[in-house]
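One structure below.
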Amino acid sequence: MIYKLRLILDTEEDVIREIVIKQNDSLEDLHNAIVNAFGFDGTEMASFYMTDDNWDQGAEIPLFDMSENGDAVTMQHFLISDVIDSEKTKLIYVYDFFSMWSFFIELVDIIEDHSEYELPALLFTLGSIPAEAPEKEFISDPNEANVHPTTDDVDIDFDEFDFDNFDELMN
């Protein structure tokens, strides 16, 4: 089976691509298909983000393992069908973390017979990519903004500490 995906670039003007790709291809294969569909050179970092129906950003799946111990999950470890299916139909994709090209990816259709396609394939193109990525304004949740714990928020039993010998500890 193959997935028909709609790729929407997060810009003011409509910039949309639709592709078909095997459900058992890796997320790295999907990354390459997106790079080709939008004409990027493919030399920049990128990540997919799990999301819900409201496009709330979830767990990151990066292109490369940037962890210190080398055991982070990457796009190579996931099949497309691991993160998109008939119930989980959306992903967010970010290409080039300096420019922050951001995309909404949505499953449009699951196709049984793919004999008419050489996969992955670009099916539909609308709009042109702007010369520069639009600026992103990241606003934190207003319920969490400027929240810093105070001593009133923390339950500390100061009797546990031996302040009688404090001067000795500092020397």
Side-chain angles (χ1 to χ4, degrees), residues 1-67 72-112 114 117 119-148:
M1 286 192 292
I2 62 173
Y3 285 169
K4 182 177 181 182
L5 301 172
R6 181 170 296 131
L7 315 167
I8 304 167
L9 180 59
D10 186 15
T11 59
E12 285 189 33
E13 300 294 321
D14 290 338
V15 181
I16 300 170
R17 306 290 186 266
E18 285 188 359
I19 63 170
V20 287
I21 191 166
K22 294 177 197 169
Q23 73 174 31
N24 291 327
D25 280 350
S26 71
L27 283 181
E28 183 178 26
D29 295 326
L30 177 56
H31 155 76
N32 291 329
I34 295 169
V35 165
N36 290 331
F38 285 91
F40 294 121
D41 63 13
T43 60
E44 302 296 335
M45 273 297 296
S47 287
F48 286 99
Y49 295 89
M50 305 297 288
T51 186
D52 58 19
D53 286 338
N54 296 321
W55 297 104
D56 295 321
Q57 184 175 314
E60 178 183 17
I61 305 170
L63 179 59
F64 298 112
D65 181 357
M66 302 296 283
S67 67
V73 296
T74 62
M75 293 181 196
Q76 299 87 3
H77 296 108
F78 286 90
L79 300 179
I80 297 169
S81 60
D82 291 336
V83 295
I84 299 178
D85 60 30
S86 59
E87 293 182 23
K88 302 176 299 203
T89 61
K90 298 177 180 180
L91 282 176
I92 295 173
Y93 172 75
V94 176
Y95 176 79
D96 184 353
F97 290 105
F98 290 112
S99 297
M100 295 297 291
W101 293 102
S102 301
F103 300 82
F104 301 105
I105 301 172
E106 188 168 22
L107 177 64
V108 175
D109 197 9
I110 299 174
I111 303 168
E112 297 285 334
H114 58 83
Y117 302 107
L119 301 172
L122 177 61
L123 300 181
F124 175 78
T125 299
L126 174 70
S128 299
I129 300 169
E132 294 182 13
E135 287 196 30
K136 299 291 179 199
E137 182 178 341
F138 292 100
I139 301 172
S140 63
D141 183 342
N143 296 324
E144 296 179 12
N146 299 319
V147 174
H148 301 286

Could you check if a side-chain atom of [X] sits within less than 4.5 angstrom of a side-chain atom of [Y], using non-hydrogen atoms only?
X      : Y      : answer
Asp10  : Pro134 : no
Ile34  : Phe48  : yes
Leu122 : Asn36  : no
Tyr95  : His31  : yes
Phe40  : Asp96  : no
Gln23  : Ile80  : no
Glu28  : Leu63  : yes

Has the side chain of Lys88 got a donor or acceptor atom that lies under 3.5 Å from a matching backbone atom of Val83?
-> no
Which atoms form the tightest heavy-atom contact between [X] and [Y], and what is the distance?
X     : Y     : answer
His77 : Asp82 : O-OD2, 4.3 Å
Tyr93 : Ala46 : OH-CB, 3.6 Å
Glu60 : Ser47 : OE2-OG, 2.6 Å
Ser26 : Gln76 : CB-O, 4.4 Å

For residues 101-112, which side-chain N or O atoms pair as donor and acceptor with protein atoms under 3.5 Å away, sequence neighbours left out?
residue: Ser102; atom: OG; partner: Met100; partner atom: O; Å: 3.2

Residue from Ile8, Leu126, Thr125, Leu9 passing side-chain contact (heavy atoms from CB on, under 4.5 Å) with Val15 = Leu9
Verify the neighbour count for atom CD of Glu13: are there more than 12 heavy atoms of other residues, nucleotides or ligands below 6.0 Å?
->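 Open: at most 12 neighbouring heavy atoms sit under 6.0 Å from CD of Glu13.
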Neighbour count >12 (heavy atoms, 6.0 Å) for atom NZ, Lys22 | no
For side chain to side chain contact (heavy atoms under 4.5 Å, CB included), just list the numbers for Leu91 and Met50, CA-CA rounded to whole Å, side-chain angles, deciding distance to a tenth of an Å, and then say yes or no.
-> CA-CA 5 Å; Leu91 282 176; Met50 305 297 288; 4.1 Å; yes
Spacing of CG belonging to Leu30 relative to CD1 belonging to Ile21, to within rounding of 0.5 Å =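 So the CG of Leu30 and the CD1 of Ile21 are separated by 5.0 Å.
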Separation between OG1 of Thr11 and CG of Asp14, rounded to the nearest 0.5 Å |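 The distance works out to 7.0 Å.
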How far apart are the C-alpha atoms of Asp25 and Tyr3, what are their side-chain angles, what is the distance that settles it, and do they pass the side chain to side chain contact (heavy atoms under 4.5 Å, CB included) test?
-> CA-CA 10 Å; Asp25 280 350; Tyr3 285 169; over 6 Å; no
